[in-house]
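As structure tokens, the structure follows; a few thoughts come after it.
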Amino acid sequence: MDIYEKAAGILLKAKKAVAFTGAGVSAESGIPTFRDPGGIWEKFEPEEIGTVPALLRTAKNNPDLIRRFLLDTVKVFEKSKANPAHLGVAKLEALGIVASVITQNIDGLHIDAGSQTVFEVHGSLFRARCLSCGQRFPLDRAALFKRAHEALDDEAGFRIENMTRILPSCTCGGLTRPDVVMFGESVQQLEEAFQATTACDVMLILGTSGVVYPAAACPEQAYRAGAKLIEINPRESCFGPIVDVFIKTSAATAMPLLMQLVESR
Ligand code: APR
């Protein structure tokens, strides 16, 4: 039996599968991953932009680097849309196979693809958080990207203050920041994610190197809870020893093939 048939068989018997995803699932939506060749951590150092203090320090000492980073991010995200991998995960939920998605991504593409129960453990670029009252609210993408281009496009005119204009102020009048989790900040919806992980009988791991904790503990937790693990990744990750089926290819290639088998049964 080939690995796709084996994986489809496991998914079809699943009572409560969970999808656990990382940057690789959005690679074919044009969003670079972090640790692959040409990835984000090759172009920018985590020490320069990985935490709020680092970002502010770099914004003061090297504002053009921050402008380039933010503009790169805007240009990539405004063009990105859900790819066949995201759509396949959403279809598995619609078929009652996947109960929830735990994603490390901040791109909102699982929700765009139609997934209903999504734990965005590293937050979302399309949600703001007030620095004064802590209130969170969704951001309109078009308005966000329009404000970002106004603040970032003019190389000569860019100043740190421009950054505060990219996001709307809170109704309480406070300044806001993107509701994303930077290094050293607490992860979001972790309790729900860990509950889903320990309750699942199958975990579908898509496109993650599995090196950033606590999110990367999810597959290990599912394994210890007796779940069967299926991984799709063009490269080996650190989950190799615990997965039952390893499909060594890209997510947007593998998911349609897997879905054909799942839906044909
Ligand atoms: N399909 C599937 N997997 C892919 C694809 C693809 N098309 N392209 C790359 N990959 C795999 C890579 O082989 C790698 O294992 O996706 C993984 C990407 O790994 P990372 O870049 O480390 O991304 P991720 O695992 O999501 O990182 C976790 O680290 O920097 C932090 O907060 C950031 O959420 C991020 C976290």
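Counting convention: from 1, in listed order, for ligands and their atoms alike. Just the heavy atoms: all of them, side chains too, but no hydrogens, waters or symmetry mates, feed the values below.
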For [atom], find the nearest protein heavy atom and state the residue, atom name and distance (0.1 Å precision).
| atom | value |
| --- | --- |
| atom 6 (C) of ligand 1 | G24 O, 3.2 Å |
| atom 27 (O) of ligand 1 | R35 NH1, 3.1 Å |
| atom 28 (C) of ligand 1 | Q104 OE1, 3.4 Å |
| atom 25 (O) of ligand 1 | T208 OG1, 2.7 Å |
| atom 7 (N) of ligand 1 | E28 OE1, 2.8 Å |
| atom 35 (C) of ligand 1 | F34 CE1, 3.6 Å |
| atom 1 (N) of ligand 1 | A251 N, 2.9 Å |
| atom 15 (O) of ligand 1 | N233 ND2, 2.9 Å |

Residue part near ligand 1, for [X], under 4.0 Å between non-hydrogen atoms:
| X | answer |
| --- | --- |
| T33 | both |
| F183 | side chain |
| H122 | side chain |

Provide the number and element of each atom of ligand 1 under 4.0 Å from a heavy atom of W41.
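Within the 4.0 Å cut-off of W41, ligand 1 contributes 30 (O).
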
Atoms in ligand 1 flagged as close to G22, the criterion being non-hydrogen separation under 4.0 Å
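In order of numbering, the contacting atoms are 26 (O).
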
Heavy-atom distance to [atom]: which of [options] wins?
| atom | options | result |
| --- | --- | --- |
| atom 36 (C) of ligand 1 | I232, L206, T253, V212 | V212 |
| atom 20 (P) of ligand 1 | A27, S209, P46 | S209 |
| atom 17 (C) of ligand 1 | G207, A23, G123 | G207 |

Run the contact test for P234 against ligand 1 with a 4.0 Å cut-off on heavy atoms, strictly below, and give the result.
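The answer is yes: ligand 1 sits under 4.0 Å from a heavy atom of P234.
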
Within-shell test, D36 vs ligand 1, heavy atom, strictly < 4.0 Å
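Per 4.0 Å heavy-atom rule, D36 contacts ligand 1.
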
Would you call the rings of F69 and F44 parallel, tilted or perpendicular, taking 30° and 60° as the class edges?
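F69 vs F44 ring planes: perpendicular.
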
In terms of relative ring orientation, are F126 and F145 parallel, tilted or perpendicular, with 30° and 60° separating the classes?
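Aromatic pair F126/F145 classed perpendicular.
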
Is there a polar contact, in the sense of an N or O pair closer than 3.5 Å, between A252 and ligand 1?
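So ligand 1 has no N or O lying under 3.5 Å from an N or O of A252.
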
What is the minimum heavy-atom distance between R235 and K248, and which atoms define it?
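Closest approach of R235 to K248, heavy atoms only: CA-CE, 4.4 Å.
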
Worked verdict on L65 versus E48 for side-chain contact (heavy atoms from CB on, under 4.5 Å):
CA-CA 9 Å; L65 184 146; E48 290 171 322; 3.4 Å; yes

Just checking, is any N or O donor in the side chain of H86 or S115 under 3.5 Å from an acceptor N or O on the other one?
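There is no such pair between these side chains.
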
Between [Y] and [X], is there a side-chain heavy-atom distance shorter than 4.5 Å?
| X | Y | result |
| --- | --- | --- |
| Q188 | V181 | yes |
| I247 | E231 | no |
| T117 | F119 | yes |

Aromatic F137 / basic R127 pairing, under 6.0 angstrom, 45° off normal
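Here R127 fails the 6.0 Å and 45° test against F137.
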
Using a strict threshold of under 4.0 Å (side-chain N to carboxylate O), is an ion pair present between E155 and R67?
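So R67 pairs with E155 through a salt bridge.
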
Over 12 non-hydrogen atoms of neighbours within 6.0 angstrom of OH in Y4:
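Yes, the 6.0 Å shell around OH holds more than 12 heavy atoms from other groups.
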
Walk me through whether E120 and H110 qualify under side-chain hydrogen bond (donor to acceptor under 3.5 Å, both in side chains).
CA-CA 10 Å; E120 296 175 307; H110 281 298; over 6 Å; no

